[in-house]
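Chain naming here is simple, since letters A, B, ... match the order of the sequence lines and numbering starts at 1 in each.
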There are 2 protein chains.
Amino acid sequence: MDMPTIKDVALKAGVSVTTVSRVLNNRGYLSEELKAKVYGAMKELNYRPNELARSLSRSKSNIIGLIVPHVSHPFFGELAGHIEDHAYRHGYKLLLCNSQLDKSKELDHIDMLRSSRVDGIIMGSHTLEVEAYNQIHLPVVTFDRKLSDDIPYICSDNYKGGLLATTLLVDRGCRKLAHIGGHPHLNVLSLDRHKAFQDIVEQRGIWHTSLHTDINGFNFHEYERLLELLFQEHPDVDGIFASSDVIAAYALKACRESGRRVPEDIKIIGYDGISLRGLLTPSITTIRQPIEAMGKLAVDLILEQVEGHSVAMEHIFPVELEVGGTT
Amino acid sequence: MDMPTIKDVALKAGVSVTTVSRVLNNRGYLSEELKAKVYGAMKELNYRPNELARSLSRSKSNIIGLIVPHVSHPFFGELAGHIEDHAYRHGYKLLLCNSQLDKSKELDHIDMLRSSRVDGIIMGSHTLEVEAYNQIHLPVVTFDRKLSDDIPYICSDNYKGGLLATTLLVDRGCRKLAHIGGHPHLNVLSLDRHKAFQDIVEQRGIWHTSLHTDINGFNFHEYERLLELLFQEHPDVDGIFASSDVIAAYALKACRESGRRVPEDIKIIGYDGISLRGLLTPSITTIRQPIEAMGKLAVDLILEQVEGHSVAMEHIFPVELEVGGTT
DNA sequence: TTGTAAGCGTTATCAA
DNA sequence: TTGATAACGCTTACAA
């Protein structure tokens, strides 16, 4: 009752295992007749080659590891979806890991992926020291973080995005701006969004304040607390640049619940361009990153490295201002 | 520069590979001294056992396959997160597949998972004929669908949920109800939500209408079209029972944009209890399923079967009405 | 064109 | 207690 092996197929087809393997991999010259015979045996036995054995033998698993903070976060959910889809199209499988931004979990996951002999790792989470990533010795691609000179990274044009967002708020007349973003100790490139914010407001002489989530990020309840804090200390803020659409959505909610009219009393702009923003009213003005293209490129960069090609290190995607109803 | 193998460790520790394997798996009696020696060699070499080889040898991969329509859908994203988390805690890895409700893709994924010798498959998508699943010959668990008498399934108490939802709308005074749910040809248990709706409205003599998404479901744009259609044909609907929170969110949006006040002019209730509903204003009234517990159970049921234990077939989770601001 | 046999890195069965 | 050695199911020189 066990799964049939290549040996069973060989036996039934009356050929050697080598021949079956050849048919399986379409290597060398094979007569149509032979092929038919072997394929026939396979069908009859409902044979499925054992990928574990193939992987072991070829020293190649055709598996890509993906580590993200939380798949349940809309941005990473979308990203993971596109990555899986693109990997699948290229005959690769996806081993999914949620780090929850927990260092030991992330380390465990990396260890596990290496033990599983994945062909490469896409890191959407990177809470460890740079050293940890340099020791991976596998094709790696990161999102939104430059780890070293030889690990390619993918990000949106964060500074430009921050610029567009802040400029829009200022141009629409905001004079008391707040920025809400990730923790500065998370050494991520998205901090450039804040840098741009800072540059613009100072250059234009606009009053401003900045809040950031705690180092474990992505805690939705914390977003609510943060906004409460903001409105308590600066009730007259008239513009918010949120570093993600999810934060922006919470900002919108906080405004509504505190009787602030959006966009009349206060304007809000987010970042990411997650497709779920379409379910909000008004739809949030945002800086859109090309999430699908970024996910695809991550897979491509892994595959290129797997094939021994060298790849460019820096991959900055253009962003686009998408005006919604909150500005 | 290749990864060290058990042989290298044996050599460096001055023992046989058998002994190293014993230490690795903590089998038999091993003196502390021996252990120290072997572990030392492992550390020195930065050795990681090759899981492909182990899996092949033990005929057990410690991988669970998960097939969902879209991880990017909030419900499945949350579910996948919990499943990964629980699997990880038990030393299992997660191979993630998005079927996008595409039959051939789902079939491919099942084939791929079988070839990869996963220890079990959790099906959150099931667009194929029952026969296809019976041929899997692996531990399987499904969400929201009864496939046969020997494939365990997990679902929320759909009928009860539909009852609670519909009753609430009626009790709050709605007299023209609409239900929006999945396509009836998708043979899923969540259709019971609609059945309950139907039963209640007929029993209470309430005017009602029912819309459903197309068979490929989960197309957010379609939700918008559906609502447009609803309001066009029945502008005076005063209560909507949406079969998911995402649909409910779109309903809320459509109401807002068409000048309907929620909950004064029209009431809305959703289903699922996704955590993202917290970012809407007002927060959507919903029927909450215990998503985390359901995800955990899915993993547990796979593990039980892997260990050769028999498991109960039916796992219906209680639902809870969570009153928000839309009713 | 087809087959034999070694090897991929483990675990497991026997002996010693 | 420890160690040869044969699996596990496949690929791939090398021969024929």
Side-chain angles (χ1 to χ4, degrees), chain A residues 1-39 41-42 45-63 91 111-119, chain B residues 1-39 41-42 45-63 91 93 111-112 114-119:
Chain A
M1 244 340 281
D2 252 12
M3 299 209 94
T5 74
I6 198 173
K7 224 178 224 166
D8 301 315
V9 177
L11 219 64
K12 166 143 297 191
V15 297
S16 73
V17 295
T18 311
T19 302
V20 177
S21 173
R22 278 210 190 83
V23 172
L24 211 50
N25 298 290
N26 214 349
R27 258 192 250 300
Y29 302 95
L30 307 159
S31 69
E32 286 310 317
E33 192 195 333
L34 211 199
K35 282 194 197 175
K37 203 164 52 176
V38 174
Y39 281 133
M42 290 184 177
L45 295 171
N46 192 22
Y47 169 75
R48 296 278 171 263
N50 184 327
E51 288 297 332
L52 293 171
R54 299 181 107 177
S55 298
L56 179 61
S57 173
R58 309 201 268 230
S59 310
K60 179 153 185 317
S61 63
N62 272 40
I63 299 180
D111 254 26
M112 181 272 276
L113 291 175
R114 296 189 62 220
S115 297
S116 299
R117 298 300 189 266
V118 298
D119 293 333
Chain B
M1 242 346 279
D2 253 10
M3 297 209 97
T5 75
I6 200 173
K7 226 179 224 166
D8 301 313
V9 176
L11 220 64
K12 167 144 296 193
V15 297
S16 73
V17 294
T18 311
T19 301
V20 176
S21 174
R22 278 210 191 83
V23 172
L24 210 51
N25 298 288
N26 215 346
R27 259 192 250 298
Y29 300 95
L30 307 159
S31 69
E32 287 309 316
E33 194 193 332
L34 212 199
K35 282 194 198 174
K37 204 165 53 178
V38 174
Y39 281 133
M42 289 181 178
L45 296 170
N46 191 21
Y47 168 75
R48 295 279 172 262
N50 184 326
E51 289 295 333
L52 293 172
R54 299 180 107 178
S55 298
L56 178 60
S57 177
R58 305 201 272 230
S59 311
K60 177 153 187 316
S61 63
N62 273 41
I63 300 180
K93 306 154 235 169
D111 253 25
M112 182 270 277
R114 296 188 65 218
S115 297
S116 298
R117 297 304 190 264
V118 298
D119 294 332

Undergrad: Going 5' to 3' through nucleotides 8-16 of chain D, assign each nucleotide B (protein heavy atom under 4.0 Å from a base atom), S (under 4.0 Å only from sugar-phosphate atoms) or - (no protein heavy atom that close).
TA: BBBSBB---

Undergrad: Between the main-chain N or O of B/M112 and the side-chain N or O of B/S116, is there a donor-acceptor pair closer than 3.5 Å?
TA: yes

Undergrad: So which heavy atom on B/L56 is nearest to which on A/L52, and how close?
TA: N-CD1, 4.2 Å

Undergrad: Just wondering, more than 12 heavy atoms not from A/K7 lying within 6.0 Å of its NZ?
TA: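 No, the 6.0 Å shell around NZ holds no more than 12 heavy atoms from other groups.
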
Undergrad: Determine yes or no for a side-chain-to-main-chain donor-acceptor pair under 3.5 angstrom, with A/S57 supplying the side chain and A/A53 the backbone.
TA: no

Undergrad: Considering just the side-chain nitrogens and oxygens of B/S16, establish if one lies under 4.0 Å of OP1 or OP2 belonging to D/dT2.
TA: no

Undergrad: First and last nucleotide of DNA chain C in contact with chain A, 5' to 3', at under 4.0 Å to a heavy atom: what are they?
TA: C/dT1 to C/dG9

Undergrad: Using whole Å, report how far CG of B/L30 lies from P of D/dT2.
TA: 7 Å

Undergrad: Taking all atoms of both residues into account, what is the closest heavy-atom pair of B/P49 and B/R54, and its distance?
TA: CG-NH1, 3.8 Å

Undergrad: Any luck finding a side-chain donor-acceptor pair between A/S21 and A/T18 under 3.5 Å?
TA: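 Side chains of A/S21 and A/T18: no pair found under 3.5 Å.
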
Undergrad: Spell out, as yes or no, whether a donor-acceptor pair under 3.5 Å connects the side chain of B/S115 to the backbone of B/D111.
TA: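 Between the backbone of B/D111 and the side chain of B/S115 there is a qualifying donor-acceptor contact (under 3.5 Å).
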
Undergrad: With side chain to side chain contact (heavy atoms under 4.5 Å, CB included) as the criterion, how do A/E51 and A/N62 come out once you've worked through the C-alpha distance, each side chain's angles and the decisive distance to 0.1 Å?
TA: CA-CA 9 Å; A/E51 288 297 332; A/N62 272 40; 5.8 Å; no

